[in-house]
Amino acid sequence: MSRSRRARPLITYGRWWWALPAIAMVALVHYAATAGGAVYAFTDWTGIGDFDFIGLDNFRRIFDDPKLIGSLKNTLFLAFGFLVLTNVVGLCLALALNRTLKSRYLLRVLFFMPVVLSPLAVSYVWKFIFDFKGPLNGVLGWVGMEPRTWLADPTLALWAVLLVMAWQTTGMVMVIFLAGLATVPIEIEEAAAIDGAGTWRRFRHITIPSIRPSIAIASTLMLIQGLRVFDQVMALTGGGPAGATETLATQVYKQTFALSNFGFGAALALLLTLIMLVFSVLQQVATRDRSQGA
């Protein structure tokens, strides 16, 4: 017994001690810096010189400004539209490319390729496609339809941004669902098929419960990414036309770096962070596996 105790490696004693340096670095670089930046949300700092604490005035200004309320609505629209679109299309692609298709490996690579590209580069390519004299209107004219001002129309511009976001990121969701589908036992599906269960019943009662962790991961990642969308909006529309595609992230950038309202920009950033935190928690609660608690 004493020999076995002496042979135990040192790392087994207080294993959490070994994580202390990494925890300290994360706490100092990330959380402490974030908390320090949040302090400026309650000030009127302009980036230079002294500042005064003004309490909640910045937040009152946010909710009294119709343009900022519109930015908040655009952010929520893009976030939830992005969440639904990427998950639905990503799951359909994963199901189609899971097992039987012979060219599935090549198609997986092709669908995943946009994920590794720069969002700015992808957005500028799509901006050329959406141009009034671009390929998209050329195709519409070829089939006898009227050309549209995709990025100059306040209604169509927001949908165009959503399309570009979903096109680039759906491949990552597909990979997450493919990893989940790999854990679905083939024997159970075959047994259910022999018992007379149709495709929809097998999908509902076998596939969906088996990939619930993948659904939770994909939904949380897509929701957070949709809430903080910035690159696509700035490259495609710059927040226009007439603020129709402004989001909280673009407003943070403009207020902080273009208008030097650092205090007000910090308040917008803090509001966006709280929204992301709340919706992430709600998403985790909605998609957790309740069978484990039972």
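Everything numeric in this text was worked out from a predicted model, so none of it was measured.
In the hydrophobic clustering of this structure, L78 does not group with M234; members are Ile, Leu, Val, Met, Phe, Trp, Tyr whose side-chain heavy atoms approach within less than 4.5 Å, directly or through other members. L110 and V89 fall within the same hydrophobic cluster, defined by Ile, Leu, Val, Met, Phe, Trp and Tyr side-chain heavy atoms under 4.5 Å apart, directly or through other members. Hydrophobic clustering (ILVMFWY, side-chain heavy atoms < 4.5 Å, transitive): M145 and F130 are in one cluster. Clustering ILVMFWY residues whenever any of their side-chain heavy atoms sit less than 4.5 angstrom apart, transitively, puts L107 in the very cluster that holds V109. A single hydrophobic cluster is seen to contain both I69 and L56, as judged by linkage of ILVMFWY side chains at heavy-atom distances under 4.5 Å, directly or through other members.
Formation of a donor-acceptor pair under 3.5 Å by the T250 side chain with backbone atoms of T247 is found in this model. Judged by distance alone, with hydrogens and angles left aside, the side-chain atoms of R108 form a donor-acceptor pair with the main-chain N or O of L97 at under 3.5 Å. With hydrogens and angles disregarded, no donor-acceptor distance shorter than 3.5 Å links the side chain of N261 to the backbone of T256. Distance alone, capped at 3.5 Å, is enough to place a donor-acceptor pair between the N74 side chain and the E246 backbone.
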Could you go through residues 157-184 and list every donor-acceptor pair under 3.5 Å that involves a side-chain atom there, pairing it with any protein atom two or more places apart or in another chain?
{"unit_1": "Q168", "atom_1": "NE2", "unit_2": "P114", "atom_2": "O", "d": "3.2"}
{"unit_1": "Q168", "atom_1": "NE2", "unit_2": "L117", "atom_2": "O", "d": "2.8"}
{"unit_1": "T169", "atom_1": "OG1", "unit_2": "M165", "atom_2": "O", "d": "2.9"}
{"unit_1": "T170", "atom_1": "OG1", "unit_2": "A166", "atom_2": "O", "d": "2.5"}
{"unit_1": "T183", "atom_1": "OG1", "unit_2": "G180", "atom_2": "O", "d": "2.6"}

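Atom OH of Y253 has 12 or fewer heavy atoms from other residues, nucleotides or ligands within 6.0 Å. Counting non-hydrogen atoms of other residues, nucleotides and ligands closer than 6.0 Å to CZ of R204 gives a total of 12 or fewer. In the displayed structure, D50 atom CG is contacted under 6.0 Å by at most 12 heavy atoms of other residues, nucleotides or ligands. Around CG of L28, the count of heavy atoms belonging to other residues, nucleotides or ligands within 6.0 Å exceeds 12.
We find the CG-CZ distance between L93 and F112 to be 13.0 Å, quoted to the nearest 0.5 Å. The distance from the OG1 atom of T207 to the CZ atom of R212 is 12.5 Å, given to the nearest 0.5 Å. With rounding to the nearest 0.5 Å, the separation of CG in N87 from CE in M222 is 7.5 Å. Atom-to-atom distance recorded for L271:CG and L68:CG is 9.5 Å, nearest 0.5 angstrom. To the nearest 0.5 angstrom, Q283 atom CD is 10.5 Å from I215 atom CD1. Residue L106 holds its CG atom at 10.0 Å from CG of L101, rounded to the nearest 0.5 Å.
When all heavy atoms of L140 and R148 are compared, the closest pair comes out as CD1-CG, 4.5 Å. Nearest heavy-atom pair across L156 and T149 is CD1-O, 4.5 Å. Between G263 and N58, the shortest heavy-atom contact is O-ND2, 3.5 Å. In terms of heavy atoms, A235 sits closest to S123 at CB-CB, 3.4 Å. The two residues D153 and P241 make their nearest non-hydrogen contact at C-CG, 4.0 Å.
Using modelled atom types, one finds no donor on one side chain facing an acceptor on the other under 3.5 Å when comparing W150 with D131.
Within the structure, side-chain hydrogen bond (donor to acceptor under 3.5 Å, both in side chains) pairs that include any residue of residues 224-238 comprise T237-T245 (at least two apart or interchain).
L259 has its side chain out of reach of K254: every pair of non-hydrogen atoms, C-beta onward, lies at least 4.5 Å apart. Considering only heavy atoms from C-beta on, L227 comes within 4.5 Å of L76 through its side chain. Side-chain atoms of L91 and F203, non-hydrogen and from C-beta on, do get closer than 4.5 Å to each other. Between I54 and F42 there is no side-chain heavy-atom pair separated by less than 4.5 Å. For the pair F53 and V39, the minimum side-chain heavy-atom distance is below 4.5 Å. L72 has its side chain within reach of I275: a pair of non-hydrogen atoms, C-beta onward, lies under 4.5 Å apart. P119 is not listed as a side-chain neighbour of F230, based on a closest heavy-atom distance of 4.5 Å or more.
A salt bridge between D57 and R60 is present, with a side-chain N of the basic residue lying under 4.0 Å from a carboxylate O of the acidic one.
For the ring pair (Phe, Tyr, Trp, His ring centres under 6.0 Å) criterion with Y40, the lone passing option out of F51, F264, F262 is F51.
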Worked verdict on L223 versus F80 for side-chain contact (heavy atoms from CB on, under 4.5 Å): CA-CA 7 Å; L223 182 62; F80 286 99; 4.2 Å; yes

